[in-house]
Amino acid sequence: MSFLGKSLLELKSLTNSDIQSVFDWASQIELKGWDIITKNPARLIALVFLEPSTRTTMSFEIAALRSGFKITKLNAETSSTKKGETVLDTLLTINAMSPDLFIVRHGTTEKLSEIALQLSCPLINAGEGVSGHPTQGLLDAYTIIKEKKSLENQKVLIIGDVSHSRVASSHFELLSKLGAEVAICGPTSWYPTSQTHKTFDSLEAGLKWCTVCMALRIQKERHRTEASEIEDQVVKRFQLNQSTLKYLSGDALIMHPGPFNRGVEITDDVLQDPRSVIWKQVRNGVFVRAALMAQILGVLK
Ligand code: CP
């Protein structure tokens with residue numbers, strides 16, 4: 001498919017060639033510079049973040065500005081969602097002002113896949129509840145491919161609070177499609193209810209098995225009950241630290257989508273480990289998001 005004028009709401013429906021076109025353009029922007037986009041007429045992008053975000057919002061904003069696009073921003077604290085307005089009505093209101101593209105994050109029960117049908121321009125899902133975070137999935141896959149040449153035969157271990165993670169949901173959609181085997185490791189109460197992946201109760205066994213390990217923070221904002229007891233379990237049994245990393249092979253990758261809670265799922269020294277590509281994930285996110293926005297807006301064809 002062409003991304004031109006289309007929304008990105010999930011990853012399941014993308015073909016391998018769709019995904020490859022995003023990665024190819026991301027790589028071209030990184031290699032040849034932003035000029036390949038900025039020659040084109042400016043478009044207006046509405047960044048609507050109704051849940052907190054640092055890296056997703058900043059990388060979309062930086063990618064948009066580097067690409068020569070104009071942006072306008074709305075966040076939860078300053079929006080009329082504080083007065084009870086729904087996500088649908090928020091987006092319909094902005095839609096009436098004719099942006100060229102929406103970038104939206106929210107955590108309500110409303111569905112972007114339904115809302116997008118009522119909008120006059122495309123929408124990129126920038127993280128929706130626990131259901132998905134497609135651009136994080138794409139940038140993580142891009143990072144693994146850059147480091148390992150391919151996702152074929154990679155064994156990716158997702159560690160920690162899997163059931164509350166929209167990042168994990170997108171990884172389940174994407175990584176197997178691109179040839180990787182995905183397994184999960186963490187407290188069993190945080191395994192997704194309907195999942196068919198290999199599981200590891202022991203971090204040692206999981207780290208010995210994988211070629212890529214990805215730690216997740218405890219998503220306390222999505223827990224119905226107090227998470228502190230399970231947090232203790234994560235620290236004692238599932239924490240990435242110098243002691244547990246001895247089970248990971250020398251050429252494996254250490255990843256984390258962020259934000260991280262140092263001293264809980266990951267320790268300071270792991271961030272400095274030569275196998276860590278955590279800051280590269282952040283950097284790659286700018287190129288992947290630029291490639292996606294530019295294709296959707298018809299600037300890169
Ligand atoms: N990975 C991620 O979505 O981080 P932010 O919540 O900071 O955007």
Side-chain angles (χ1 to χ4, degrees), residues 8-11 22 26 45-66 71 73-79 81 87 101-108 112 123-144 146 156 158-175 182 184 186 190 212-223 227 240 253-262 264-266 270-271 276-293:
L8 180 79
L9 299 161
E10 41 73 31
L11 297 171
V22 176
I45 299 172
L47 297 170
V48 181
F49 277 75
L50 302 175
E51 275 197 332
S53 167
T54 296
R55 69 226 75 223
T56 311
T57 184
M58 288 302 294
S59 75
F60 268 114
E61 181 168 353
I62 288 169
L65 294 174
R66 294 270 193 213
I71 57 160
K73 290 173 76 173
L74 184 72
N75 67 49
E77 290 309 309
T78 56
S79 79
T81 56
V87 178
L101 174 64
F102 280 105
I103 314 293
V104 182
R105 167 170 293 190
H106 79 108
T108 74
L112 291 178
L123 178 156
I124 296 177
N125 173 355
E128 179 175 40
V130 297
S131 72
H133 191 350
T135 59
Q136 182 73 44
L138 288 168
L139 77 89
D140 286 343
Y142 179 74
T143 301
I144 298 171
K146 270 186 85 174
V156 181
I158 303 179
I159 306 162
D161 188 4
V162 180
S163 61
H164 299 98
S165 170
R166 53 186 165 217
V167 175
S169 302
S170 286
H171 284 140
F172 294 146
E173 287 181 7
L174 185 68
L175 297 181
V182 180
I184 61 177
W190 288 350
V212 177
C213 68
M214 178 159 330
L216 299 174
R217 104 187 140 85
I218 303 172
Q219 334 268 311
K220 288 183 184 163
E221 68 275 27
R222 299 190 207 293
H223 287 237
L240 290 185
L253 302 180
I254 301 167
M255 302 180 75
H256 194 310
F260 32 80
N261 291 131
R262 295 176 188 238
V264 181
E265 77 278 7
I266 196 162
V270 176
L271 297 166
S276 166
V277 293
I278 291 170
W279 301 121
K280 289 182 181 172
Q281 288 173 260
V282 177
R283 173 179 159 79
N284 291 336
V286 176
F287 299 114
V288 167
R289 289 176 172 130
L292 189 60
M293 289 190 290

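Values in this document were obtained by computation on a predicted structure and should not be read as measured data. For the single chain, residues carry numbers from 1 onward in sequence order. Atoms within each ligand, like the ligands themselves, are counted from 1 in listed order.
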Handout entry: Under 4.0 Å to a heavy atom of P257 - the qualifying atoms of ligand 1, by number
Key = 1 (N)
Exercise for the section: Say whether T57, considering both its backbone and side-chain N or O atoms, lies within less than 3.5 Å of an N or O atom on ligand 1. Expected result: no
Handout entry: Between H106 and E51, a side-chain donor and acceptor under 3.5 Å
Key = no
Practice task
Kindly compute the distance separating OG1 (T56) from NE2 (H133), expressed to the nearest 0.5 Å.
Solution key: 3.5 Å
Problem - ligand 1 atoms in contact with G258 (distance to a heavy atom under 4.0 Å) - result: 1 (N), 2 (C), 4 (O)
Practice task
For the residue pair D140 and Q281, confirm or rule out a side-chain donor-acceptor distance under 3.5 Å.
Solution key: yes
Fill in the blank from the handout: When every non-hydrogen atom of D161 is compared with those of W190, the smallest separation belongs to CA-CE3, 3.4 Å
Handout entry: Identity and separation of the nearest protein heavy atom to atom 4 (O) of ligand 1
Key = R55 NE, 3.0 Å
Exercise for the section: Using heavy-atom distances, let me know which of T54, T56, D140 sits nearest atom 2 (C) of ligand 1. Expected result: T56
Handout entry: Whether E51 lies under 4.0 Å from ligand 1, heavy atom
Key = no
Practice task
Any chance you could measure L138, atom CG, to L11, atom CG, to the nearest 0.5 Å?
Solution key: 5.0 Å
Practice task
Within a distance under 4.0 Å of any heavy atom of S53, pick out the atoms of ligand 1 and give their elements.
Solution key: 5 (P), 6 (O), 7 (O), 8 (O)
Exercise for the section: Check whether NZ of the Lys or CZ of the Arg R289 lies under 6.0 Å from the centre of the six-membered ring of F60 and within 45 degrees of that ring's axis. Expected result: yes
Exercise for the section: Could you tell me the residue and atom name of the protein heavy atom closest to atom 6 (O) of ligand 1, and the distance to it rounded to 0.1 Å? Expected result: R105 NH1, 2.9 Å
Handout entry: Per-atom contacts of ligand 1 with Q136, taking only distances under 4.0 Å to non-hydrogen atoms
Key = 1 (N), 2 (C)
Practice task
Output yes when a side-chain donor or acceptor of R217 lies under 3.5 Å from a complementary backbone atom of F260, and no otherwise.
Solution key: no
